[in-house]
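Here is the structure we will look at, set down as structure tokens.
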Amino acid sequence: SRKGAMMDNRFATALVIACVLSLISTIYMAASIGTDFWYEYHTLSPAENVSEAGRSIWEEFFSKEADEKTYTDALFRCNGTVGLWRRCITVPKNSHWYSPPETDMTTNCISFSLSDQFMEKYIEPGNHNSGTDLNRTYLWRLQFLLPFVSIGLMCFGALIGLCACACRSLYPAIATGVLHFLAGLCTLGLVGCYVAGIELLHKKLPLPDDVRGEFGWSFCLACVSAPLQFMAAALFIWAARTNRKEFTLLKAYRVA
């Protein structure tokens, strides 16, 4: 009886830790999807210091006809940030030609439409006649789809876990663990696709000498989410398998 209570406490602790890790990873993943700091550009000579050129870049950036090269150049020159759903640049709050120079800046963003997410990428960005770059096209599509698959798997795993609690059984925890493991693979794939896509883009459109690029905190949240999902998966599977083994041994002992 005492041994059984000790085993129950151990399994309960493992499941509680796994649930907490799962919740944190879900929050991190949702936050990374919803924010715009996957990649950031910092320039020493932003385009807003050159009024005419700056206004031209801003107008092209916010135009519905803006192609990949157009908005990437604006990101380079205007301290831009890129998320999975939006791209943003930093511009003066008052950009009229008759306004005095000012240092008060604001961030303006424009969303990628659903068609933008599935649009073909070209071998030469901005040149529709250069042919389709299949690698970048599918990397971009995967980085859009994988985070939703990851969150969906974790939510489905949580639903199975609730059913397990209602049935007072640890056996469904194996399925929850497997789903979290698959979610971790999806998140890892998302991170890999994003890094590869950025590297390939910068080979086509190299960063200017006065521009520095770096991965932002939204990207870091996704990177942290993956190991949390794997840890939660390991704890769910360990608790279920060990409990099954202990139950079998206890049953055999009682029969004997």
Measure the CD-OG1 distance between Glu214 and Thr81 for me, rounded to the nearest 0.5 Å. 11.5 Å
Can a donor-acceptor pair be found, under 3.5 Å and without considering hydrogens, that links the side chain of Glu40 to the backbone of Arg212? no
Rounded distance (nearest 0.5 Å) linking atom CG of Leu84 with atom CH2 of Trp140: 8.5 Å
Are any of the side-chain heavy atoms of Thr106 and Val91 separated by less than 4.5 Å? yes
For Phe219 and Tyr39, what are the C-alpha separation, side-chain angles and deciding distance, and is it a ring-ring contact (aromatic ring centres under 6.0 Å, His included)? CA-CA 7 Å; Phe219 174 82; Tyr39 202 85; 8.5 Å; no
Linked, directly or transitively: Leu21 and Phe156 (ILVMFWY side chains, under 4.5 Å): no
Between Ala31 and Leu221, what is the shortest heavy-atom contact and its length? CB-CD1, 3.8 Å
Please report the closest heavy-atom contact between Gly157 and Thr176, naming both atoms and the distance. O-OG1, 3.2 Å
Treat each ILVMFWY residue as a node, draw an edge where side-chain heavy atoms are under 4.5 Å apart, and state whether Val178 and Leu228 are in one component. no
Are Thr70 and Phe61 side-chain neighbours, meaning at least one heavy-atom pair lies under 4.5 Å? no
Evaluation steps, side chain to side chain contact (heavy atoms under 4.5 Å, CB included), between Ile160 and Leu179: CA-CA 10 Å; Ile160 292 177; Leu179 290 172; 3.6 Å; yes
Minimal non-hydrogen separation, Thr137 against Met119, with atom names: CG2-O, 4.3 Å
If a pair satisfies salt bridge (charged side-chain N to carboxylate O under 4.0 Å, His left out) and one of its residues is in residues 11-20, list it, with sequence neighbours excluded. none
Name the atoms and distances for all side-chain donor-acceptor pairs under 3.5 Å in residues 141-155, with sequence neighbours left out.
{"from": "Arg141", "atom 1": "NE", "to": "Phe118", "atom 2": "O", "distance (Å)": "3.3"}
{"from": "Arg141", "atom 1": "NH2", "to": "Phe118", "atom 2": "O", "distance (Å)": "2.7"}
{"from": "Ser150", "atom 1": "OG", "to": "Ala183", "atom 2": "O", "distance (Å)": "3.2"}
{"from": "Ser150", "atom 1": "OG", "to": "Thr187", "atom 2": "OG1", "distance (Å)": "2.8"}
{"from": "Ser150", "atom 1": "OG", "to": "Gln229", "atom 2": "NE2", "distance (Å)": "3.2"}

On a heavy-atom basis, the closest approach of Ala74 and Ile89 is O-CG2, 3.8 Å
Could you tell me whether a side-chain N or O of Arg87 sits under 3.5 Å from a main-chain N or O of Tyr71, the two making a donor and an acceptor? no
Lys/Arg N to Asp/Glu carboxylate O, Asp73 vs Arg77, below 4.0 Å: no
Are Leu15 and Ile24 connected into the same hydrophobic cluster when the rule is that any two of I, L, V, M, F, W, Y join if their side-chain heavy atoms are below 4.5 Å apart? no
Rounded to the nearest 0.5 Å, how far apart are NE2 of His42 and CG of Leu207? 11.5 Å
Straight-line distance of Ile17 CD1 to Phe236 CZ, nearest 0.5 Å: 11.0 Å
For a quick test of reading the model, state the closest non-hydrogen atom pair linking Ser22 to Ala232 and the distance between them. N-CB, 4.1 Å
Do Phe230 and Phe181 have side chains that approach each other closer than 4.5 Å (heavy atoms only, starting at C-beta)? yes
Considering residues at least two apart in sequence or located in another chain, which fulfil the disulfide bond (SG atoms under 2.5 Å apart) criterion with Cys109? Cys88
Which pairs, with at least one residue in residues 110-126 and sequence neighbours excluded, count as a salt bridge (charged side-chain N to carboxylate O under 4.0 Å, His left out)? Glu68-Lys121
Hydrophobic clusters here meaning ILVMFWY residues chained together by side-chain heavy-atom distances under 4.5 Å, can you tell me if Leu134 and Tyr122 are in one? no
same_hphob_cluster(Val20, Leu235) at 4.5 Å side-chain heavy-atom cutoff: yes
Quick one: which residue pairs count as a side chain to side chain donor-acceptor pair (under 3.5 Å) with a foot in residues 24-35, not counting sequence neighbours? Thr35-Ser218
State the NE2-CG distance between His128 and Asp67, to the nearest 0.5 angstrom. 5.5 Å
Contact check, side chains of Asn135 and Leu200, non-hydrogen atoms, under 4.5 Å: yes
Got a sec, which pairs hit side chain to side chain donor-acceptor pair (under 3.5 Å) with one end in residues 193-205, sequence neighbours left out? Tyr41-His202
Cationic tip of Arg86 within the cone over Phe112's six-membered ring, i.e. under 6.0 Å and within 45° of the normal? no
CD1/Ile110 to CH2/Trp85 distance, rounded to the nearest 0.5 angstrom? 14.0 Å
How close do Leu139 and Ala196 get, counting heavy atoms only, and between which atoms? CD1-CB, 3.8 Å
